[in-house]
Amino acid sequence: MINDEKWLGYTIIGVNNGLSTEDAYYGNLGSEKCGHIKSLLEVNMRNYILGVPDVLELPEDEKWVTQLTSRKWRMGSKKRVYLEKKEDMKKRGLQSPDRADAFVLAFACIQAESRFAFG
């Protein structure tokens, strides 16, 4: 779904995190996007240890950090990685990871056909 909101100055593109992925390691698009951010954060940590500039500038936001680090991963039946479902997070007493989701989406190049590419 594409919603062209001209008065806002941008186009809103619907995202379906359940879509298939380019990388067969992940079970769906949402898991793949989060896996990419995980890789970038690992590079950040390595750069910090080596005294090299970060690849990401991270916000100082405790709620964001909690959301980004508290979501679990699981291996599916076809040996693909999936993020924990929001319903399962709720059962564990956690809130929906809205800030973490927004952060992940901020680093996705969204195309009209609802596919993602990372640059």
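This structure is a prediction, so every number in the text was calculated from the model and none was measured.
By the 4.5 Å heavy-atom criterion applied to side chains, F103 and L56 are counted as neighbours. Contact of the L50 side chain with the R46 side chain is registered, since non-hydrogen atoms from C-beta on lie closer than 4.5 Å.
The side-chain hydrogen bond (donor to acceptor under 3.5 Å, both in side chains) search around D23 returns none, not counting sequence neighbours. For N28, the side-chain hydrogen bond (donor to acceptor under 3.5 Å, both in side chains) test picks out S31, with sequence neighbours left out. Applying the side-chain hydrogen bond (donor to acceptor under 3.5 Å, both in side chains) test to Q95 and every residue at least two apart in sequence or in another chain returns nothing. Residues satisfying the ring pair (Phe, Tyr, Trp, His ring centres under 6.0 Å) criterion with Y26, sequence neighbours excluded, are absent altogether. With sequence neighbours left out, K63 forms a salt bridge (Lys or Arg N to Asp or Glu O under 4.0 Å) with no residue at all.
Linking ILVMFWY side-chain heavy atoms closer than 4.5 Å, directly or via other members, places L58 and I37 in a single hydrophobic cluster. Linking ILVMFWY residues whenever their side-chain heavy atoms come closer than 4.5 Å, directly or via other members, leaves L19 and Y25 in distinct clusters. Residues W73 and L94 are members of separate hydrophobic clusters, defined by side-chain heavy-atom contacts under 4.5 angstrom among Ile, Leu, Val, Met, Phe, Trp and Tyr. When the side chains of ILVMFWY residues are joined at heavy-atom separations under 4.5 Å, either directly or via intervening members, L40 and W64 end up in a single hydrophobic cluster.
The main-chain N or O of V55 is found under 3.5 Å from a side-chain atom of N44 such that the two form a donor-acceptor pair. Within the 3.5 Å criterion, the main-chain N or O of D98 finds a donor-acceptor partner in the side chain of Q67. Remark: the backbone N or O of P53 is paired with a side-chain donor or acceptor of N47 at under 3.5 angstrom.
Atoms SG and CG, on C34 and L29 in that order, are 10.0 Å from each other to the nearest 0.5 Å. Interatomic distance, CG of L41 versus CG of L68, reported as 6.0 Å (0.5 Å rounding). Rounding to the nearest 0.5 Å places CD of E22 at 7.5 Å from OG of S20.
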Please table the atom pairs, donor to acceptor, closer than 3.5 Å between any side-chain atom in residues 82-89 and protein atoms at least two apart or in another chain.
unit_1, atom_1, unit_2, atom_2, d
E84, OE1, K72, N, 3.1
E84, OE1, R92, NH2, 2.8
E84, OE2, R92, NE, 2.8
K86, NZ, D101, OD2, 2.8

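Annotation: M45, atom CE; neighbour count of heavy atoms from other residues, nucleotides and ligands within 6.0 Å does not exceed 12.
Here the shortest heavy-atom pairing between T66 and S70 reads O-OG, 2.7 Å.
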